[in-house]
Structure formats: C-alpha cells, structure tokens
Amino acid sequence: MTLAALAWLAGCGDHGPRPWQGYVEGEFVYVASSQAGTLTTLSVTRGQQVKAGDALFDLESTFELAAQAHARETLASAEAQLRDLDTGKRPDEIAVATAQLKQAVAVRDRSLAQFDRDQAQYAAGGIAREQLDASRADARSSAARVQELQSSLAVARLPGRDAQRQAQAAQVAVARASLAQADWQLAQKHPVASAAGRVYDTMYRVGEWVPAGNPVVQLLPPGNIKVRFFVPEADLGRLRTGQTVHIACDRCGAGVSAHITYVAHQAEYTPPVIYSNDTRDKLVYLIEAHPATDDAVKLNPGQPVQVTRP
C-alpha cells in the first residue's frame with residue numbers, strides 16, 4: 001500500500017476531527033405597546049425584512065391625540081404668560097399712563113404759576129391769607145400727583161417680580177413635561193422597528209383589541225441569531241470565547257463562520273448516566289457562537305448544523 005493511501009486511511013480513522021452537532025437558535029424581539037387599543041394598521045407581514053425605524057403597526061389613538069393637543073396648548077399658554085411677565089405692561093397701557101402724566105404735569109405747572117401770582121398779590125395786600133393757603137395746597141397736590149404718575153409709569157415698564165417669574169417658569173417646565181409625556185404615550189400607539197430584521201410572525205389582525213403589553217409583531221434581527229452546539233469534555237480545552245468556528249448546514253453553500261461567545265462551565269450528560277471514568281466521553285459542554293450579520297440571514301432557527309474548527 002502506498003504512503004498516500006496510508007495517509008488517507010489515517011485521516012478517515014477514528015482519530016480524525018469529527019464535527020460537533022448543534023442547531024440554530026433565534027432570540028426573538030417581541031414588539032408590544034405599553035398602551036391598550038384596537039389594532040388599526042398592521043404595516044408588516046410574516047417573512048418581511050424591515051429596517052430600523054420602519055413602522056410596524058398602529059393602535060387607535062384618539063385619546064392620545066387629544067391629550068397631546070391639550071398639553072401643547074397648555075405649554076403655549078404658560079410660555080405666553082412668562083413672556084408677558086418679562087415685558088411689563090402692554091404698549092397701550094404704557095401710552096395711557098404717559099398721557100396721564102403729561103396732563104398732571106400741565107396741571108402742576110398751572111398750579112405753581114397761580115401760587116406765584118397769589119404770593120405777589122398777598123404781598124401787595126390784594127388777597128386774603130386763606131386764598132394764598134389754598135393756592136399753596138393746590139400746587140403741592142399737583143406736584144405730588146406728578147410724582148405718583150411718574151412712579152406708576154416706571155413700575156409699568158418693569159418686568160414681573162422675581163418670585164412671579166420663577167413660579168411661571170416652573171409652570172412652563174411642568175407644561176413641557178406634560179407634553180413630553182403625551183408625545184411618548186402617542187408614540188407608544190405607533191411602534192417602529194428598533195433594529196433591522198425579519199418579521200417572524202404577527203399575533204393580531206386588524207380590528208382586534210390588543211391589551212397593553214401584548215406582543216403584536218415578532219422580530220428576529222440578524223444579530224440575535226446564534227448557533228448552539230455541544231462538544232465532548234476532551235475537546236473543551238481546544239475552544240474558548242473569541243475563536244472562530246465553521247458552520248455547515250443544508251442550503252448554506254460553503255458554510256458560514258461564527259465567533260464563540262459563550263462556553264459553558266457546567267457539563268451535561270447525554271444520555272443521563274452515573275458518572276465514572278468509563279463514561280467521561282458522554283460528558284458534553286454547551287458552546288454558543290454568533291455568525292456575522294451578513295451570514296446570519298442564511299440560518300434559520302431550529303436548523304441542525306455541524307460545527308468544526310477551521
């Protein structure tokens with residue numbers, strides 16, 4: 001027998017590498033809404049590929065739309081009140097106060113002029129003391145009225161007090177939080193895909209009532225596809241996380257590569273036996289490996305595979 005034939009027979013013997021048996025498993029994403037409602041639109045079908053951000057389904061949202069509109073108007077009102085406190089009185093009110101001040105100044109000037117004349121008349125003996133006192137009182141009263149209106153006009157131009165502005169600013173913050181809550185509740189009625197993947201199944205039909213938290217769409221992102229296989233105790237030392245393994249399966253063509261992401265630390269028996277040194281070959285360890293995203297789409301959950309080291 002030739003050396004080549006002997007080498008071929010040695011490779012086919014019991015000492016050659018044998019593939020490990022395993023299967024494909026999918027970690028599904030069950031998309032649900034935190035709010036209950038009637039299913040009005042189902043935007044996807046089983047087997048469809050979706051991208052991140054694609055619409056999946058819609059629940060009836062009349063109440064949420066009304067709550068959002070109410071929160072938006074409340075915020076607009078609170079912001080307007082805060083702006084009003086920052087700007088003081090309205091221009092028309094300022095104009096009225098300015099006109100009143102001008103009128104009071106004219107009255108004051110006229111009263112002062114009359115008081116000057118009355119002082120001269122009193123010195124000449126032309127009027128009585130009582131008339132002079134009345135003229136002095138009118139002049140003082142008109143001067144005080146001018147000071148009052150000047151102060152009122154200055155206050156009208158001032159913004160609101162700090163305490164008022166702080167209180168109104170807090171109301172604006174509350175209104176914004178309420179609007180954010182309303183927006184979130186409305187978004188919960190229109191879920192979208194959080195990642196690209198395949199629609200594995202849909203659980204409800206249009207027109208059915210969907211309780212809060214019940215999944216409507218079952219997604220399988222490629223990154224959630226993994227291979228689980230079992231290796232004998234004798235082979236465990238050859239494998240560690242991060243290593244590359246080769247996956248062979250039906251309709252996989254040349255196969256796919258995967259990286260080991262988990263190595264079990266506890267052995268399993270298959271079939272169950274009482275442990276002894278004679279049955280060590282029945283000890284197996286679970287290994288998990290994740291293929292690349294582009295290769296994961298070639299695998300289907302439940303599909304049997306054979307795993308080898310490249």
Side-chain angles (χ1 to χ4, degrees), residues 29-41 52-112 137-195 210-216:
V29 175
Y30 294 90
V31 184
S33 171
S34 63
Q35 312 297 312
T38 302
L39 183 64
T40 58
T41 306
D54 283 353
L56 298 179
F57 62 91
D58 300 306
L59 300 180
E60 187 272 329
S61 56
T62 302
F63 175 81
E64 286 74 17
L65 284 170
Q68 184 191 53
H70 179 270
R72 186 179 292 113
E73 294 300 325
T74 300
L75 175 60
S77 174
E79 289 176 336
Q81 291 179 22
L82 181 59
R83 288 193 301 270
D84 183 65
L85 288 175
D86 287 337
T87 56
K89 295 290 185 178
R90 293 175 298 177
D92 291 342
E93 293 175 320
I94 297 293
V96 170
T98 302
Q100 289 175 341
L101 176 59
K102 289 179 179 179
Q103 181 181 9
V105 169
V107 173
R108 179 200 63 185
D109 293 344
R110 186 170 59 252
S111 298
L112 289 174
D138 287 342
R140 290 176 178 176
S141 176
S142 59
R145 176 62 175 165
V146 169
Q147 292 179 349
E148 176 188 3
L149 290 176
Q150 287 174 335
S151 299
S152 296
L153 183 59
V155 170
R157 289 194 173 105
L158 291 175
R161 291 180 298 179
D162 288 341
Q164 288 180 322
R165 296 179 66 257
Q166 291 174 1
Q168 190 58 39
Q171 291 298 320
V172 170
V174 171
R176 283 184 180 145
S178 298
L179 179 58
Q181 182 181 18
D183 290 340
W184 179 85
Q185 289 179 335
L186 181 60
Q188 289 293 299
K189 290 296 188 78
H190 310 283
V192 298
S194 58
V210 182
N214 278 28
V216 177

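What you see below is based on every heavy atom in this structure, not just the backbone, and it leaves out hydrogens, waters and symmetry mates.
Between Phe57 and the choices Thr40, Thr41, Val31, the side-chain contact (heavy atoms from CB on, under 4.5 Å) rule is met once, by Val31.
Residues Leu39 and Leu59 have side chains in contact (heavy-atom distance under 4.5 Å, counting atoms from C-beta outward). A heavy-atom distance below 4.5 Å is not found between the side chains of Thr38 and Val210.
Evaluation of the salt bridge (Lys or Arg N to Asp or Glu O under 4.0 Å) rule for Arg72 yields no partner, not counting sequence neighbours. For Arg145, the side-chain hydrogen bond (donor to acceptor under 3.5 Å, both in side chains) partners two or more places apart in sequence, or in a different chain, are Glu148. Listed by chain and residue number, Tyr204 satisfy the side-chain hydrogen bond (donor to acceptor under 3.5 Å, both in side chains) test with Asn214 (two or more places apart in sequence, or in another chain). Contacts of Gln35 classified as side-chain hydrogen bond (donor to acceptor under 3.5 Å, both in side chains), with partners at least two apart in sequence or in another chain: none.
When all heavy atoms of Ala71 and Leu179 are compared, the pair lying nearest together is CB-CA, 3.6 Å. Closest of all the heavy-atom pairs between Gln168 and Ala78 is NE2-O, 3.2 Å. Looking at every heavy atom in both residues, Ala32 comes nearest to Pro191 through O-CG, 4.4 Å. Across all non-hydrogen atoms, the minimal contact from Val192 to Ala55 is CG1-CA, 4.1 Å. Scanning both residues, Ser34 and Gln188, for their nearest heavy atoms gives OG-OE1, 2.9 Å. Between Ala52 and Ser194, the shortest heavy-atom distance links the atoms CB-O, 4.0 Å.
Going from atom CZ of Phe63 over to atom CG of Leu65 covers 11.0 Å, rounded to the nearest 0.5 Å. Once rounded to the nearest 0.5 Å, the distance linking CD of Gln81 with CZ of Arg83 reads 10.5 Å.
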Distance-only donor-acceptor pairs under 3.5 Å for side chains of residues 100-110, two or more places apart:
none

Pair Glu79-Arg176, side-chain contact (heavy atoms from CB on, under 4.5 Å): steps then yes or no:
CA-CA 10 Å; Glu79 289 176 336; Arg176 283 184 180 145; 3.2 Å; yes
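Not one N or O on the side chain of Ser77 forms a donor-acceptor pair closer than 3.5 Å with the backbone of Glu73.
Residue pairs meeting the salt bridge (Lys or Arg N to Asp or Glu O under 4.0 Å) criterion with at least one partner in residues 182-195, sequence neighbours excluded, are Glu64-Lys189.
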